[in-house]
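Right, one structure below, let's go through it.
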There are 2 protein chains.
Amino acid sequence: MNENNEKYEQLDEETLFIVSQTFKALSDPTRIRILHLLGEKECSVTEIAEELSLMQSTVSHQLRFLKNLRLVKFRRAGTTLFYSIDDEHVLALLNQTIHHARHD
Amino acid sequence: MNENNEKYEQLDEETLFIVSQTFKALSDPTRIRILHLLGEKECSVTEIAEELSLMQSTVSHQLRFLKNLRLVKFRRAGTTLFYSIDDEHVLALLNQTIHHARHD
DNA sequence: TTAGTATATGAATATATGTTCATATATGTT
DNA sequence: AACATATATGAACATATATTCATATACTAA
């Protein structure tokens with residue numbers, strides 16, 4: 001018994017989509033840097049741009065991407081928006097992989 | 001003390017590259033399906049193509065991609081190549097994310 | 001050696017993606 | 001209201017990516 005000749009259980013469309021979107025978010029160096037920074041501390045758009053030497057519009061575009069996937073959130077303080085991590089699981093995924101990349 | 005106003009420690013180039021490559025491998029639906037299948041059982045190229053309804057050349061191209069990153073390996077048996085997982089950490093990353101995608 | 005099967009590869013193509021520039025919107029201040 | 005600052009957005013562009021088709025290579029058996 002259990003000769004591993006059971007039929008293979010395919011991944012359903014929706015799961016496949018969510019999983020690929022999640023990893024796609026983490027596959028771009030700019031987004032990785034933004035998420036990693038936000039994992040350290042809440043930041044405004046301008047702060048992110050300065051800290052990472054990126055154009056403000058680049059940061060805004062990527063934050064919109066991350067916000068659509070609910071990986072980040074923001075709070076408003078006047079004209080300034082402070083962004084922070086909204087999905088601790090994905091941040092854990094990132095930190096885990098950073099750790100793995102460094103130690104082998 | 002520890003007012004969290006220490007300077008932010010940037011990710012180094014090499015780590016950033018490895019991490020983004022790893023996630024890029026996991027960001028495509030076809031590669032996800034291949035890795036998930038190989039996580040269940042060792043398969044030949046033809047078996048993968050049939051099980052997932054993909055063209056043989058599509059499978060070969062993606063296997064080359066995955067092999068370059070050492071995420072899969074193969075053994076030869078005559079003219080047939082049996083592929084299997086070569087990076088359990090990345091498989092764990094995938095399964096973890098599949099589980100997360102399904103349960104929320 | 002010839003034929004047959006399994007896999008790999010290169011070129012072509014279509015599509016997706018990331019960045020930049022210019023400009024719009026939103027909020028606060030005077 | 002006029003102005004300054006912070007952020008968002010749309011269009012244009014260059015580059016990356018995935019798939020397909022055609023064909024090459026590798027191994028096996030007759």
Side-chain angles (χ1 to χ4, degrees), chain A residues 11 13 16-38 41-84 86, chain B residues 11 13 16-38 41-84 86:
Chain A
L11 281 171
E13 276 270 346
L16 193 58
F17 181 74
I18 296 173
V19 170
S20 64
Q21 286 293 108
T22 302
F23 285 126
K24 192 155 297 182
L26 293 166
S27 72
D28 176 69
T30 300
R31 286 192 294 270
I32 292 173
R33 295 173 75 213
I34 292 174
L35 287 171
H36 186 250
L37 175 57
L38 294 181
K41 62 176 198 288
E42 184 189 56
C43 285
S44 72
V45 177
T46 302
E47 283 169 351
I48 297 171
E50 283 176 355
E51 186 71 68
L52 304 181
S53 304
L54 296 168
M55 304 243 70
Q56 176 265 317
S57 79
T58 297
V59 175
S60 267
H61 279 301
Q62 298 296 8
L63 285 172
R64 179 169 58 170
F65 183 109
L66 296 170
K67 191 154 50 70
N68 286 339
L69 291 178
R70 301 185 191 262
L71 303 190
V72 301
K73 61 178 188 284
F74 64 86
R75 69 178 173 87
R76 168 158 249 139
T79 62
T80 302
L81 303 185
F82 287 99
Y83 280 82
S84 57
D86 197 28
Chain B
L11 282 170
E13 276 271 346
L16 193 58
F17 182 74
I18 296 173
V19 170
S20 64
Q21 286 293 108
T22 302
F23 285 126
K24 192 154 297 180
L26 293 166
S27 72
D28 176 69
T30 299
R31 285 192 295 269
I32 292 173
R33 295 174 75 213
I34 292 174
L35 287 170
H36 185 248
L37 175 58
L38 294 181
K41 61 176 198 288
E42 183 189 57
C43 286
S44 73
V45 177
T46 302
E47 283 169 351
I48 297 171
E50 283 176 354
E51 186 71 70
L52 304 181
S53 304
L54 295 169
M55 306 242 70
Q56 176 266 316
S57 79
T58 298
V59 176
S60 267
H61 279 301
Q62 297 296 8
L63 285 172
R64 181 170 54 170
F65 183 109
L66 295 171
K67 191 154 51 67
N68 285 340
L69 292 178
R70 301 185 192 262
L71 303 190
V72 302
K73 61 180 188 284
F74 65 86
R75 67 179 174 87
R76 168 158 248 139
T79 62
T80 302
L81 304 184
F82 287 99
Y83 279 83
S84 57
D86 196 28

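Proteins come first, then strands; the chains are lettered A, B, ... in the order of their sequence lines, and each starts at number 1.
Atom CG in Leu16(A) sits about 14 Å away from atom C1' in dA18(D), given to the nearest Å. Between Phe65(B) atom CZ and dT19(D) atom C1' there is a gap of 14 Å when expressed in whole angstrom units. In this entry the distance linking CZ of Phe74(B) with P of dT7(C) reads 11 Å, nearest Å. Per the geometry, CZ belonging to Phe23(A) stands 17 Å off P belonging to dT17(D), to the nearest Å.
Scored by the side-chain contact (heavy atoms from CB on, under 4.5 Å) test, Thr46(B) finds Ser44(B), Glu50(B) as partners (sequence neighbours excluded). For Ile18(B), the side-chain contact (heavy atoms from CB on, under 4.5 Å) partners at least two apart in sequence or on another chain are Ala101(A), Glu14(B), Thr22(B). Applying the side chain to side chain donor-acceptor pair (under 3.5 Å) rule to Ser60(A) yields the partners Gln56(A); only residues at least two apart in sequence or on another chain are considered. Annotation: side-chain contact (heavy atoms from CB on, under 4.5 Å) contacts of Leu11(B) (sequence neighbours excluded): Ile32(A), His36(A), Ile98(A), Arg102(A), Thr15(B), Leu16(B). Residues passing the salt bridge (Lys or Arg N to Asp or Glu O under 4.0 Å) test with Arg75(B) are Glu42(B), sequence neighbours excluded.
Contacts between residues 44-55 of chain B and DNA chain D, defined by a heavy-atom separation under 4.0 Å, are made by Met55(B). Remark: Asp28(B), Thr30(B), Arg31(B) in residues 28-35 of chain B come within less than 4.0 Å of DNA chain D through at least one heavy atom.
Residue contacts for Tyr83(B): at a heavy-atom cut-off of 4.0 Å it reaches the sugar-phosphate backbone alone, with no base atom in range. Among the atoms of the strands shown, none is found under 4.0 Å from any heavy atom of Phe82(B). Within the 4.0 angstrom heavy-atom criterion, only backbone atoms of the sugar-phosphate kind lie near Thr80(A); the bases stay farther away.
No aromatic stack links His61(A) and the base of dT19(C), using centre distance under 5.5 Å and interplanar angle under 30°.
Considering every non-hydrogen atom in both Val72(B) and Asp86(B), the closest pair reads C-CB, 3.5 Å. Shown here for Leu37(A) and Ile48(A), the closest heavy-atom pair between the two residues is CD2-CA, 4.0 Å. Closest non-hydrogen pair, Ser20(A) versus Ser27(B), comes out as CB-O, 3.4 Å.
The side chain of Gln62(B) contributes no N or O atom lying less than 4.0 Å from OP1 or OP2 of dT17(D). OP1 or OP2 of dT20(D) has not a single side-chain nitrogen or oxygen of Ser57(B) nearer than 4.0 Å.
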Name every donor-acceptor pair, under 3.5 Å, that has one atom in a side chain of residues 61-68 of chain A and the other anywhere in the protein, sequence neighbours excluded.
| unit_1 | atom_1 | unit_2 | atom_2 | d |
| --- | --- | --- | --- | --- |
| Gln62(A) | OE1 | Arg31(A) | NH1 | 3.0 |
| Asn68(A) | ND2 | Arg64(A) | O | 3.4 |

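Taking 4.5 Å as the limit, some side-chain heavy atom of Arg33(A) sits within range of a side-chain heavy atom of Leu54(A). Residues Tyr83(B) and Phe74(B) are in side-chain contact: their nearest non-hydrogen atoms beyond the backbone lie under 4.5 Å apart. Residues Glu47(B) and Phe82(B) are in side-chain contact: their nearest non-hydrogen atoms beyond the backbone lie under 4.5 Å apart.
Listed by first residue number, the stems of DNA chain C with at least three Watson-Crick or G-U pairs below 3.5 Å are C:1-30 with D:1-30.
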Going 5' to 3' along nucleotides 23-30 of chain C, which nucleotides have protein heavy atoms under 4.0 Å from the base (write B), which only from the sugar-phosphate (write S), and which from neither (write -)?
----BS--
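Looking at Ile34(A), Leu38(A), Leu52(A) one by one, the single match for side-chain contact (heavy atoms from CB on, under 4.5 Å) with Cys43(A) turns out to be Leu38(A).
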Go through it in stages, so that I can follow the logic: the residues are Gln21(B) and Phe17(B), the test is side chain to side chain contact (heavy atoms under 4.5 Å, CB included), and I'd like the CA-CA distance, side-chain angles, deciding distance and then a yes or no.
CA-CA 6 Å; Gln21(B) 286 293 108; Phe17(B) 182 74; 3.7 Å; yes
